[in-house]
K.L.:
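Please find one structure pasted underneath; my questions will follow.
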Amino acid sequence: VSSYPEPSRTTLRADLKEYTRYLIEEAWPLQRTGVVPSGGTQRITTFQEHLYRIEPSTKGQEALHSETLGQFNALVETRRQRLSTVTTGLPAVLWAIVYTGGFLSISLTWLFHVDKLRLHLTLVTIYSALVGLLIFMTAVMDHPFRGEYTIGPEAFELVYNQLMREEGLSIHP
């Protein structure tokens, strides 16, 4: 929005700055607890209203406005995907398949003929640990925006701190 004429540029930048601060300081902590944040909707709507009021006066401004509208639509779509991911996860039937597959594959290792029991136990233990780690990682990443091991707001913090912040103000993780 930096190429828009004043006063639209200042208004749009303020809207984006407010939305980004909201994402970092309020929305992300809510997401980590499994709550779908709702405060971003009004901020996005305000930005949209200000963006749609702009009437380009030159061909260059028309091209800029068209690209900005395309990027705004992409923002809305990725936001919608992020918010739906907060509460959705893998279906129960898929978890049943994962657990059944893990159990069957570990059970199958007992059918291998190994002369030394100690070696056989070592191989089964290592294989079981691998299957367990894969199931654990799947469970952790099932909800990428919830819990202790999540995708964080670092990308938004970087944009905010490099492009939007006022002198002396920054958001730290």
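Values in this document were obtained by computation on a predicted structure and should not be read as measured data. Computation of the quantities below employed the complete heavy-atom set of this structure, encompassing side-chain atoms and omitting hydrogens, waters and symmetry-equivalent molecules.
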K.L.:
So do E62 and T58 actually touch side chain to side chain, heavy atoms under 4.5 Å?
P.N.:
no

K.L.:
Is there a side-chain contact between P37 and L83, using heavy atoms and a 4.5 Å cut-off?
P.N.:
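Yes, close enough: below the 4.5 Å cut-off.
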
K.L.:
Which residue, D15, T11, T45, forms the side chain to side chain donor-acceptor pair (under 3.5 Å) with H50?
P.N.:
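Checked D15, T11, T45 against H50; only one passes side chain to side chain donor-acceptor pair (under 3.5 Å): D15.
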
K.L.:
Count I, L, V, M, F, W, Y as connected when their side-chain heavy atoms are under 4.5 Å apart, and connections chain through other members. Are Y19 and V76 then in the same cluster?
P.N.:
yes

K.L.:
In terms of heavy-atom contacts, does CZ of F103 have more than 12 from other residues, nucleotides or ligands at under 6.0 Å?
P.N.:
no

K.L.:
Is the shortest side-chain heavy-atom distance between P153 and R32 below 4.5 Å?
P.N.:
yes

K.L.:
Take atom CZ of R13 as the centre, draw a 6.0 Å sphere, and report whether it contains more than 12 heavy atoms from other residues, nucleotides or ligands.
P.N.:
no

K.L.:
Please answer whether the main-chain N or O of R146 pairs with a side-chain N or O of T150 as donor and acceptor at a distance below 3.5 Å.
P.N.:
no

K.L.:
May I ask you to check whether R43 and T20 show a side-chain donor-acceptor distance below 3.5 Å?
P.N.:
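There is no such pair between these side chains.
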
K.L.:
Any link between Y22 and Y160 through a network of hydrophobic side chains (Ile, Leu, Val, Met, Phe, Trp, Tyr) touching at under 4.5 Å?
P.N.:
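No; tracing contacts between hydrophobic side chains, which count when under 4.5 Å, never links both residues.
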
K.L.:
On the 0 to 90° scale, with breaks at 30° and 60°, tag the W28-F145 ring pair as parallel, tilted or perpendicular.
P.N.:
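The arrangement is perpendicular - the two ring planes meet at more than 60°.
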
K.L.:
Which heavy atom of P29 sits nearest a heavy atom of E26, and at what distance?
P.N.:
CD-O, 3.4 Å

K.L.:
Look at the aromatic rings of Y4 and H65 and report parallel, tilted or perpendicular, splitting at 30° and 60°.
P.N.:
perpendicular

K.L.:
In terms of side-chain geometry, is the basic nitrogen of R21 or E18 positioned less than 4.0 Å from the acidic oxygen of its partner?
P.N.:
no

K.L.:
Taking side chain as C-beta onward, heavy atoms only, is L90 less than 4.5 Å from T138?
P.N.:
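Counting from C-beta outward, L90 and T138 do come under 4.5 Å.
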
